Amino acid sequence: MGNSVRKGKAVFVDPTQVKNLQLYKAVIEDNSNKSPEIIKYKSDGNEGSEWKKNQKTALKIKLQEFIGSSDIVIFSKTTCGKCTKVKSLLDNMNTPYLAVEIDQMESSQRFEEVLYEHTMETTLPSVFVKEQLIQYDEIITLSKDGLFQKLLESKEDKPRDNSYDFDLIVIGGGSGGLAASKEAAKYNKKVLVLDYVTPSPTGTKWGLGGTCVNVGCIPKKLMHQAALMRQALKDSHKYGWQVDANTVQHSWEAMTDSIQNYIGSLNWNYRVSLMENKVKYENGYGEFVEPHKIKSTSSRGKVKYFTAGKFLIATGERPRYLGIPGDKEYCITSDDLFSLPYCPGKTLVVGASYVALECAGFLAGLGLDVTVMVRSILLRGFDQQMADKIGEHMEEHGVKFLRHFVPTKVEQIEAGTPGKLLVTAQSADGTEITGEYNTVLLAIGREACTRKIGLDIPGVKINEKTGKIPVNDAEQTNVPYVYAIGDVLEDKLELTPVAIQAGRLLARRLYGDSTVKCDYVNVPTTVFTPLEYGACGLSEENAISKYGEENIEVYHSYFWPLEWTVPARDNNKCYAKIICNLKDNEKVVGFHVLAPNAGEITQGFAAAIKCGLTKDQLDNTIGIHPVCAEIFTTLTVTKRSGDSILQSGC
Ligand code: FAD
Ligand code: NAP
């Protein structure tokens, strides 16, 4: 592209210039990314309409990025007299601007086409001041009258007519924010989404899409899959595959590379779908500066202001730190793990909930030496019988547990990738232990991102202790025009589908004629350890406290997945349990399953539970043989009876 852009650092890569590549990686710079976003195009040399569409979309996004990247942006050609005149005028006024020299671009013709579609102007220069197109003649007249600076100032005074720039501003482009903004735009509303990733203490950053896509569900499930493959390799010789498990190697770098590439394509898809849905996207940190005004600050420090009638807080959470010597310097969190450029080696995982057990599970599944440091119990809030079974299974598969200890100090013994760390920990009775690890992963919960976004300016109340936002059943905060969804909410489940559902339904209620509210009851969930634990409804403890022990019946059984019988492993480890309300026709109020693919199993039963599933209906359902889920159609043993539930075959 040569020096096609002046007075700025924009980067432009033109897909059309790369020929005969099966997989082309176009790089679009995103201020929020540690590594640039990767867009993958398939090109067979005979580029079809899909290829052209992708390419045009890339150019449109680039055009928007240019327009938003400076107060004054001039699309010009080095050979164009009028362009030179405008640039000289601004130079003489000492006014900074960004000049995009189209004729220096590798795809100049196609970029010009996209610019024309945007401006409907057939001549250059195209000058944008504060993102608004200003005619050449107007610029000349204003500069003659010494009024050009006034133009800049007046654009800053938006809105001039007491109206707002946007109908809705969404702060946070994660699962909830993106779903809500796209849905709102379907009702022809002007919507802006601000998304900004504050780097982790070790400097990790990522692209658009929030926690789930970048540092949550997606990389976690893919690493879970990598761990399952090792088990499959071990089992395979019983099925006739002659694989020498000792010679099979795993490359952490290759795994993270593939996963990060996939995530890059998702980041890109989000950008495209925002554009296609006509949602404006700003890669900036959003905070209230006035009750209806947001300040957006980019990673380069560029500040913009936007106003709106309504606001949606969807800023999610970030990992908590221990607040002990060495934690921020030497420890990592799940924010860093999935893109760690080297294998973490011997790892201490601190914490005992979802994130901790899932990360410990897949790291051990990949063959690493893993210890989990547990302060109290596993999976607080979940059915504790199931949590204990998960712990047992993980232990049998090589994960070590240090129970009732918390770290007090982390020191570096040796720098490196990974280095060596010395961890000192203490139990409740004061016993002190030390251990050496290559990596310490903190998974001790997450902090809502609500304290630094100026919520006091509109007067939005948060729970001062937790930072969470209380809302009514319509996701409305105490300030009527400010709403909140997703992980920032007080007393709600922190799950991607919950944030998405709440966001979509909110937009439909705000701008459509829907009255449907998000139902936070009986939300199914799965913990991937890598043996999966699927749950929907009440834990046994909660069912007892809600209905009384005498009013519930618990049916349960161990089972042995057929595919595990031939390798002769893990019999009586998979477990199924339903909790029924005796006073309500044995309605199923709790569903728990420990099995391979428990997530897939639980999803279907969750729909049935939503429809009021009873034990009788389960008994009248014919099972699918031979699958794990059929166990739920044949449960006969109650916990109360104390009868044996051990299985010897399928
Ligand atoms: P997020 O997705 O976190 O999005 C918030 C966005 O706002 C982020 O991009 C953030 O950078 C941005 N932001 C914050 N402050 C500002 C600001 N001031 N200005 C601009 N932008 C800002 N859920 C599941 O359902 N299944 C799973 O398997 C699962 N696995 C998980 C694994 C891990 C390791 C973790 C950490 C979480 C997992 N979750 C899972 C939870 C899931 O990721 C979250 O519930 C979901 O992402 C919440 O969505 P959200 O929209 O509330 O917030
Ligand atoms: P969490 O559920 O809040 O659990 C925090 C864990 O850290 C607990 O085990 C807690 O122990 C421990 N802990 C807290 N402070 C500690 C300290 N100072 N020292 C030692 N241990 C400490 O947090 P999370 O696991 O990060 O998960 C956050 C949310 O993400 C979850 O609620 C979940 O909804 C979502 N998520 C979902 C999935 C999924 O759907 N599969 C996966 C991951 C995350 P105590 O019990 O002693 O307090």
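Note that the coordinates shown come from a computational prediction; the quantities given were computed from them, not determined experimentally. Order of appearance sets the numbers: ligands from 1, and atoms from 1 within every ligand.
Counting heavy atoms under 4.0 Å from ligand 1, residue K452 does not touch it at all. When heavy-atom distances to ligand 1 are checked against a 4.0 Å cut-off, T315 comes that close through both its backbone and its side chain. Contacts with ligand 2 closer than 4.0 Å are made by side-chain heavy atoms of L322 only, the backbone lying farther away. At a heavy-atom cutoff of 4.0 Å, ligand 2 is contacted by the side chain of R380 but not by its backbone. Proximity of A443 to ligand 2, defined as any heavy-atom pair under 4.0 Å, is confined to the backbone N, CA, C and O atoms. Contact annotation: for T525 versus ligand 2, heavy atoms closer than 4.0 Å belong to the side chain alone. Residue M373 does not touch ligand 2, judged by heavy-atom distances below 4.0 Å. The residue L208 has no part lying near ligand 1, judged by heavy-atom distances below 4.0 Å. Of the heavy atoms in I171, only side-chain atoms (C-beta onward) come closer than 4.0 Å to ligand 1.
Short contacts between ligand 1 and G210, defined as distances under 4.0 Å to a heavy atom of the residue, involve ligand atoms 2 (O), 4 (O), 8 (C), 9 (O). Each of the atoms 44 (C), 45 (O), 46 (C), 48 (C), 52 (O) of ligand 1 lies under 4.0 Å from some heavy atom of D487. Every atom of ligand 2 with a heavy atom of V406 under 4.0 Å away is listed here by number and element: 19 (N), 20 (C). Taking a cut-off of under 4.0 Å to the non-hydrogen atoms of S376, the atoms of ligand 2 that pass are 45 (P), 46 (O), 47 (O). Heavy-atom contacts of G176 reach the following atoms of ligand 1: 51 (O) (cutoff under 4.0 Å). Listed by number with element, the atoms of ligand 1 under 4.0 angstrom from any heavy atom of P497 are 25 (O). Per-residue contacts place L495 under 4.0 angstrom from the following atoms of ligand 1 (heavy atoms of the residue considered): 23 (N), 24 (C), 25 (O), 45 (O). Close approach to G486 involves these atoms of ligand 1, each under 4.0 Å from a residue heavy atom: 52 (O). Near G445, with a cut-off below 4.0 Å to any heavy atom, the atoms of ligand 2 are 3 (O), 5 (C), 23 (O), 26 (O). Atoms of ligand 1 lying under 4.0 Å from at least one heavy atom of L194, given by number and element, are 20 (C), 21 (N).
Remark: among candidates E494, E532, K492, the nearest residue to atom 29 (C) of ligand 2 is E494, based on non-hydrogen atoms. Nearest-residue assignment for atom 35 (C) of ligand 1 (options P219, G216, G209, P319; heavy-atom criterion): G216. One option in V215, D335, T211, L337 has a heavy atom closer to atom 34 (C) of ligand 1 than any other, and that option is V215. Around atom 5 (C) of ligand 1, the closest heavy atom drawn from A314, G172, A499, A180 belongs to A314. Atom 10 (C) of ligand 2 has its nearest heavy-atom neighbour, among E447, R375, H404, in R375.
Judged by a 6.0 Å distance limit and a 45° cone about the ring axis, K346 is positioned over the six-membered ring of Y437.
Close N/O approach between R446 and ligand 2 is not found [any backbone or side-chain N/O within under 3.5 Å]. Annotation: D195 places an N or O atom under 3.5 Å from an N or O atom of ligand 1; distance criterion only. Backbone and side-chain nitrogen or oxygen atoms of A352 are examined, and one is located within less than 3.5 angstrom of a nitrogen or oxygen of ligand 2. In terms of N/O distances under 3.5 Å, ligand 2 is approached by V355. Of the N or O atoms in W206, none lie within a sub-3.5 Å distance of an N or O in ligand 1. Between E317 and ligand 2, no N or O atom pair is found at a separation short of 3.5 Å. Checked by distance only, ligand 1 and E358 stay at 3.5 Å or farther apart across all their nitrogen or oxygen atoms.
Proximity of the aromatic rings of F382 and H592 is defined here by a centroid distance below 6.0 angstrom, and this criterion is not met.
Between K221 and ligand 1 there is no heavy-atom distance shorter than 4.0 Å. Using a non-hydrogen distance threshold of 4.0 Å, V498 does not register as a contact of ligand 1. Ligand 1 lies less than 4.0 angstrom from a heavy atom belonging to G284. For K220, the heavy-atom gap to ligand 2 drops under 4.0 angstrom. Within the structure, the closest approach of L493 to ligand 2 does not fall below 4.0 Å when heavy atoms are considered. Close to ligand 1: E494, with a non-hydrogen atom less than 4.0 angstrom away.
Comment: K280 engages E131 in a salt bridge, judged by a side-chain N to carboxylate O separation of less than 4.0 angstrom.
For T204 and D336, the side-chain atoms include at least one donor-acceptor pair closer than 3.5 Å. Using a 3.5 Å distance cut-off with no hydrogens or angles, the side chains of Q385 and Y575 do pair a donor with an acceptor.
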Evaluation steps, side chain to side chain contact (heavy atoms under 4.5 Å, CB included), between I218 and Y262: CA-CA 9 Å; I218 299 298; Y262 176 62; 4.0 Å; yes
The test is side chain to side chain contact (heavy atoms under 4.5 Å, CB included); show your working for L510 and Y187 and say whether it passes. CA-CA 10 Å; L510 289 180; Y187 295 93; over 6 Å; no
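In this structure, the side chain to side chain contact (heavy atoms under 4.5 Å, CB included) partners of Y330, at least two apart in sequence or on a different chain, are V410, Q412, L421. Annotation: side chain to side chain contact (heavy atoms under 4.5 Å, CB included) contacts of K409 (sequence neighbours excluded): P325, E411, T424.
Inter-residue side-chain proximity for F338 and Q260 is flagged as met; some heavy-atom pair is nearer than 4.5 Å.
Between C217 and T496, the closest heavy-atom pair is SG-OG1, 3.5 Å.
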